[in-house]
Amino acid sequence: MKFRVDRDAFADAVAWTARALPARPAAPVLAGMRLEAAGDGLRLSGFDYEVSTRARVDAGIEEPGEVLVSGRLLAEIARSLPAEPVELRTEAARALLTCGSARFTLLTLPLEDYPVLPEMPGSAGSVPADRFGAAVRQVVPAAGRDDTLPMLTGVHLAFRGDALTLAATDRYRVAVRRTRWRPEDPELSASALVPARTLHDFARSLPPGGDVGVALSSLPLGEAAASSRGEGMIGFDTGSRRTTSRLIDSDFIDYEPRFPAEAAARAEVPVAALAEAVRRVALVADRSTPLRLSFTEGEVVLEAGSGDDAQAAEALSVAYRGEPMRVAFAPGYFLDGLGGVGTETAWLDFTLPTKPVVISEVPAEEGGEPDFRYLVMPLRVS
């Protein structure tokens, strides 16, 4: 095998493909990245039996072929290469990489031991890449990180006609984002629980513009097709990059009843100014110290620290209606909610100081429903 490729395109594709490689592979061959040179392109792939990644870049192919090398090592090498074209060729059990005056010799892994990558499931529809990436970034912070509770480590995707709803929770908060997409079947009704880490890695590397194709194994494919498709899988495709992931085999919680039907009080707050104030006041708070917010007509006072500890306080003008309300939050949880809001101002809806608070975007139209909602449990303070 021998090919020549642009350095930046190669480094970007290698870095993206390497994200699927396990830090501690169950078998040495799973640490490998497969490079296949054919036609006028180079295809790269990684797989750990749970997640697969595939990328394609234009390349000048002198000798077609394929090779399996250490993926993480190749990624480290690729991002440190000089700004020169990259050439890679194989000789016996070695791969020789040249870029300008830099030379690397890599040992190859046995291709015959490498698992077959899963096929993409059936196509379900598409969504603009920018919109999908933003929606994922809004809900992923609320996903749990405790692997002993796999249901909470995923993002729930609900497909209902042309509506796509993403939701995540770690029991102490719930983030929900509703958006539009283009289903191939207008009557589609399906759902998938996708590992949050996988979804986040894919979304943060999306190129600007374009669409993301969504493929679901739960679609009716027929017996013959189902036998060759990934069962219990979801796939995402941008044209030059493709990933598949096994779904989490668990039911997601029924989160809608947790959102209060009515609010006893509401504050409309400037998102950027409030987030900056929270960060300043939280400088005196450690992980176990709550951030206290006291809402009265026209103002919110933020406080942290007490007694002999360092203390901070700051007041901010807000629009508020209702009885005075004093609530406390973990600063990080509160900032995650504000960070998910895509509008300049946000609503904070309250019922009681000890009941969940809902942070939401202000709808574009009066009487409309917010596209993003974030429910967070307040902390009890004396």
Side-chain angles (χ1 to χ4, degrees), residues 1-118 147 195 197-207 236 238 240-246:
M1 181 180 76
K2 185 176 182 180
F3 65 84
R4 190 177 179 86
V5 65
D6 176 77
R7 181 263 182 198
D8 290 343
F10 179 70
D12 192 38
V14 168
W16 186 82
T17 307
R19 288 176 177 164
L21 302 178
R24 298 192 238 347
V29 73
L30 295 180
M33 183 182 300
R34 188 175 70 181
L35 281 66
E36 183 180 359
D40 62 350
L42 171 68
R43 292 192 290 270
L44 307 90
S45 55
F47 186 40
D48 68 351
Y49 288 113
E50 297 293 329
V51 178
S52 74
T53 50
R54 282 168 272 204
R56 183 195 174 280
V57 293
D58 292 330
I61 309 299
E62 295 187 29
E63 297 179 20
E66 55 184 325
V67 67
L68 187 67
V69 297
S70 171
R72 293 189 180 275
L73 176 58
L74 182 62
E76 291 178 4
I77 291 172
R79 68 168 171 257
S80 65
L81 292 174
E84 300 282 350
V86 177
E87 183 179 287
L88 190 144
R89 59 189 174 88
T90 56
E91 288 185 1
R94 297 176 183 273
L96 309 178
L97 186 150
T98 305
C99 182
S101 59
R103 305 279 192 277
F104 294 90
T105 301
L106 306 176
L107 296 178
T108 62
L109 300 169
L111 267 169
E112 61 273 14
D113 295 340
Y114 196 67
V116 177
L117 270 67
D147 290 333
R197 187 180 302 123
T198 300
L199 196 61
H200 178 249
D201 284 346
F202 175 77
R204 71 179 181 178
S205 64
L206 286 174
F236 302 100
T238 64
S240 62
R241 293 179 181 177
R242 174 183 294 185
T243 189
T244 65
S245 173
R246 286 194 177 277

| task | Working to the nearest 0.5 Å, report the span between CG of Leu35 and CG of Leu111. | result | 10.0 Å
| Going by the side chain to side chain donor-acceptor pair (under 3.5 Å) test, which pairs reach into residues 6-21, not counting sequence neighbours? | Asp12-Arg241, Trp16-Ser205, Arg19-Ser205
| message | Going by the rule salt bridge (Lys or Arg N to Asp or Glu O under 4.0 Å), which residues pair with Arg242 if we only count those two or more places apart in sequence or in a different chain? | response | Asp237
| query | Okay, side chain of Thr108, backbone of Ala93: is any donor-acceptor separation there less than 3.5 Å? | reply | yes
| query | Restricting to pairs with a member in residues 53-98, which pass ring-ring contact (aromatic ring centres under 6.0 Å, His included), not counting sequence neighbours? | reply | none
| note | Looking only at heavy atoms, the pair that brings Val14 and Ala75 closest together is CG1-CA, 3.5 Å
| said: I need the minimum non-hydrogen distance between Ala38 and Pro64, along with the two atoms involved. | reply: CA-CB, 4.5 Å
| To the nearest 0.5 Å, what is the distance between CG (Asp48) and OG (Ser245)? | 9.0 Å
| note | Value for CG (Leu30) from CG (Leu21), rounded to nearest 0.5 Å, stands at 9.0 Å
| remark: Ala78 and Ala11 have their tightest heavy-atom pair at O-CB, 3.6 Å
| field | Where at least one partner belongs to residues 76-89, residue pairs that pass salt bridge (Lys or Arg N to Asp or Glu O under 4.0 Å), sequence neighbours excluded | value | Arg4-Glu87, Arg89-Glu91
| side-chain contact (heavy atoms from CB on, under 4.5 Å) with Thr105: which residues, sequence neighbours excluded? | Arg94, Leu96
| request: Under the salt bridge (Lys or Arg N to Asp or Glu O under 4.0 Å) rule, collect the residues that match up with Arg43, sequence neighbours excluded. | output: Glu36
| Under the side-chain contact (heavy atoms from CB on, under 4.5 Å) test, residues paired with Phe104 that sit two or more places apart | Ile77, Leu81, Leu97, Ala102
| task | Give the minimum heavy-atom separation between Leu109 and Gly32, together with the two atoms involved. | result | CD1-CA, 3.7 Å
| field | ring-ring contact (aromatic ring centres under 6.0 Å, His included) partners of Phe10, counting only residues at least two apart | value | none
| said: Nearest 0.5 Å, please: how far is CG in Leu106 from CG in Leu88? | reply: 7.0 Å
| said: In the structure I gave you, are the side-chain heavy atoms of Leu107 and Ser70 within less than 4.5 Å of one another anywhere? | reply: no
| field | Shortest non-hydrogen contact between Ala55 and Ala13, atoms and distance | value | CB-CB, 4.2 Å
| Can you name the residues that form a ring-ring contact (aromatic ring centres under 6.0 Å, His included) with Phe236, not counting sequence neighbours? | Phe132, Phe202
| note | Tightest non-hydrogen contact, residues Gly41 and Ile61, listed as O-CD1, 3.7 Å
| request: Report yes if the side chains of Thr53 and Thr243 come closer than 4.5 Å at any heavy-atom pair, otherwise no. | output: yes
| task | Please name all residues satisfying side-chain contact (heavy atoms from CB on, under 4.5 Å) with Asp58, sequence neighbours left out, ordered by chain then number. | result | Arg56
| task | Return each pair, listed once, that meets ring-ring contact (aromatic ring centres under 6.0 Å, His included) where at least one residue sits in residues 21-62; pairs must be two or more places apart or across chains. | result | Phe47-Tyr49
| note | By side-chain contact (heavy atoms from CB on, under 4.5 Å), Ser45 pairs with (sequence neighbours left out) Arg34, Arg54, Leu117
